[in-house]
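The block underneath contains the structure these notes are about, expressed in structure tokens.
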Amino acid sequence: MAGESVPLTPREAASGLLGSISLTCWIFLLVPQLIENYRNGNAEAISLLFLFVWFVGDITNLAGSAWAGLVPVIIAIAVYFCIADGVLIGQCLYYRARNSRLTIAHARQSSIATASEPTTPLLGRRLSDVMNEAGRRRRGSRPSYSAVVQGLHHQNQGPDDTLAKLVEENTVGQAAWFKNLSSVLAICVIGMVGWTVAWQTGVWRPAPLEERNGGVDMAPGAQVLGYISAVCYLGARLPQMYKNYTDKSCEGLSLLFFILSLMGNLTYGAGIIFHSTEKNYIITNLPWLIGSLGTMVEDVTIFAQFRMYAIQDSNEAVV
């Protein structure tokens with residue numbers, strides 16, 4: 001009956017906590033990459049195909065959620081995903097268009113300067129080499145004056161300078177890991193506090209036992225959209241992994257972005273399983289389980305790329 005309260009079991013409490021943490025991860029997911037792009041002044045590190053396929057996955061997820069008549073909170077979050085995707089895609093397109101104009105303008109100025117000089121001095125050739133090298137190492141970004149100066153300095157630095165640089169980079173890396181760990185802990189705390197408040201105020205209540213033991217009636221079309229969404233989520237990361245491989249670098253990507261993605265998928269899938277392991281319920285939620293737990297393998301692969309290419313950069317600095 002409506003007036004009866006459903007007892008809160010440990011499994012249902014765990015499901016609620018995990019779901020709340022997952023929700024918090026998704027809310028803050030794109031913020032680290034947006035900040036990273038803003039700091040770098042470009043978005044060349046992230047694959048646009050990755051973002052577009054992910055966006056299609058979020059669109060089909062929204063359509064499937066609305067068609068299935070899921071609770072308003074889930075539909076609202078699906079709408080938020082689509083808006084956040086649009087913001088990130090818009091930022092990437094803006095930086096690419098702006099930097100393309102700057103590159104063309106810089107090339108014209110260089111051509112005019114070269115044509116006006118009958119000979120190219122030795123220093124000019126060295127600057128050109130350094131600028132080309134800087135462009136290869138940071139694709140899509142126009143080498144700044146400071147980058148050129150640092151490149152010239154690197155040609156003349158000794159072993160002590162290289163060692164000092166490695167120590168400095170190691171310190172920066174430790175600070176980044178501490179920041180990421182602090183962010184993850186903060187996300188967990190916010191998620192747990194949010195669920196506790198929702199439970200105490202009655203906004204969140206345990207699902208009735210009969211609902212946990214069976215699947216929710218869902219239109220076949222909504223289920224199909226769920227599978228399309230899962231395929232998009234699984235396929236979206238492949239272009240990014242390939243881009244990282246061809247560039248031999250993850251510079252410009254936010255590690256926290258992928259950490260939150262892994263956490264969000266893990267807690268989302270675990271929340272479903274904690275809620276119920278009945279066959280009908282699992283089958284009903286199978287598309288969302290595939291889309292969440294399946295992408296974790298790809299996220300771990302991207303973590304391996306972060307580590308592998310960071311080691312390569314360190315070895316090149318020593319040489």
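Heavy-atom basis, side chains included; hydrogens, waters and symmetry copies ignored. If you're wondering where the values come from, they're calculated on a predicted model, not measured in any experiment.
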Ile302 CD1 to Leu262 CG distance, which is reported to the nearest 0.5 Å: 10.5 Å
Lys NZ or Arg CZ of Lys248 over Tyr245 ring: under 6.0 Å, within 45°: yes
Backbone of Ala45 reached by a side-chain donor or acceptor of Glu251 within 3.5 Å: no
Worked verdict on Phe303 versus Ile259 for side chain to side chain contact (heavy atoms under 4.5 Å, CB included): CA-CA 9 Å; Phe303 292 152; Ile259 291 175; 4.0 Å; yes
Transitive ILVMFWY side-chain link Phe258 to Leu256, under 4.5 Å: yes
Interatomic spacing from OH in Tyr309 to SG in Cys250 - rounded to 0.5 Å: 6.5 Å
Enclosure of Arg307 CZ (heavy-atom neighbours >12, cutoff 6.0 Å): no
Short side-chain to backbone donor-acceptor contact, Thr301 and Val297, under 3.5 Å: yes
Hphob cluster co-occupancy, Ile46 + Val56, side-chain heavy atoms under 4.5 angstrom: no
Whether Glu36 side chain and Val31 backbone form a donor-acceptor pair below 3.5 Å: no
Trp54-Phe257 aromatic ring centre distance below 6.0 Å: yes
Distance in Å, Leu29 CG paired with Phe81 CZ, rounded so as to fall on 0.5 Å steps: 8.0 Å
Residues that, via side-chain heavy atoms closer than 4.5 angstrom, fall in one hydrophobic cluster with Ile283: none
Least distance between heavy atoms, Cys232 atom then Gly57 atom: CB-CA, 3.6 Å
Contacts of type side-chain contact (heavy atoms from CB on, under 4.5 Å), residue Trp199, not counting sequence neighbours: Leu8, Trp195, Trp204
Under 3.5 Å: donor-acceptor pair, side chain of Ser229, backbone of Leu225: no
Rounded distance [0.5 Å steps], CZ in Arg96 versus OG1 in Thr103: 12.0 Å
Members sharing Tyr227's hydrophobic cluster (side chains within less than 4.5 Å): Leu234, Leu286, Ile290
Distance-only donor-acceptor check, side chains Arg237 and Ser261, under 3.5 Å: yes
Any donor-acceptor pair under 3.5 Å from Thr267 side chain to Met263 backbone: yes
Side chain Asn99, main chain Gly41, donor-acceptor under 3.5 Å: yes
Pair Ser22, Trp26: side-chain N/O donor-acceptor within cut-off below 3.5 Å: yes
Solution key, residues 179-188 side-chain donor-acceptor pairs under 3.5 Å, sequence neighbours excluded:
residue	atom	partner	partner atom	Å
Asn180	ND2	Ala176	O	3.3
Ser182	OG	Phe178	O	2.8
Ser183	OG	Lys179	O	2.9

Residue pairs, two or more places apart or on separate chains, that pass side chain to side chain donor-acceptor pair (under 3.5 Å) and touch residues 80-95: Asn37-Gln91
Same cluster (ILVMFWY, side-chain, under 4.5 Å), Leu48 and Leu238: yes
Step-by-step side chain to side chain contact (heavy atoms under 4.5 Å, CB included) determination, Met241 to Glu298: CA-CA 8 Å; Met241 292 162 58; Glu298 297 172 333; 4.1 Å; yes
Listed partners of Ile89 passing side-chain contact (heavy atoms from CB on, under 4.5 Å), at least two apart: Leu51, Phe52, Phe55, Leu93
Minimum-distance pair of heavy atoms, taken over all atoms of Leu18 and Ala270: CD1-CB, 3.7 Å
Validation row: Asp299, Asn265 side chains within 4.5 angstrom (heavy atoms): yes
Exam field: side chain Thr295 to backbone Ser292, donor-acceptor pair closer than 3.5 Å: yes
From Cys82 atom SG to Asp58 atom CG, the distance as rounded to the nearest 0.5 Å: 5.0 Å
Thr196 side-chain N/O to Met192 backbone N/O, donor-acceptor pair under 3.5 Å: yes
Side chain to side chain contact (heavy atoms under 4.5 Å, CB included) between Ile282 and Leu289, intermediate numbers included: CA-CA 8 Å; Ile282 294 297; Leu289 281 171; 4.1 Å; yes
Gln305 side-chain N/O to Asn244 backbone N/O, donor-acceptor pair under 3.5 Å: no
Distance, nearest 0.5 Å, that separates CG of Leu260 from OG1 of Thr24: 10.0 Å
Linked, directly or transitively: Leu88 and Phe28 (ILVMFWY side chains, under 4.5 Å): yes
Cluster check Leu253, Tyr38: I/L/V/M/F/W/Y, side chain < 4.5 angstrom: no
Heavy-atom side-chain proximity of Asn61 to Tyr233 below 4.5 angstrom: yes
Any donor-acceptor pair under 3.5 Å from Asn42 side chain to Glu44 backbone: yes
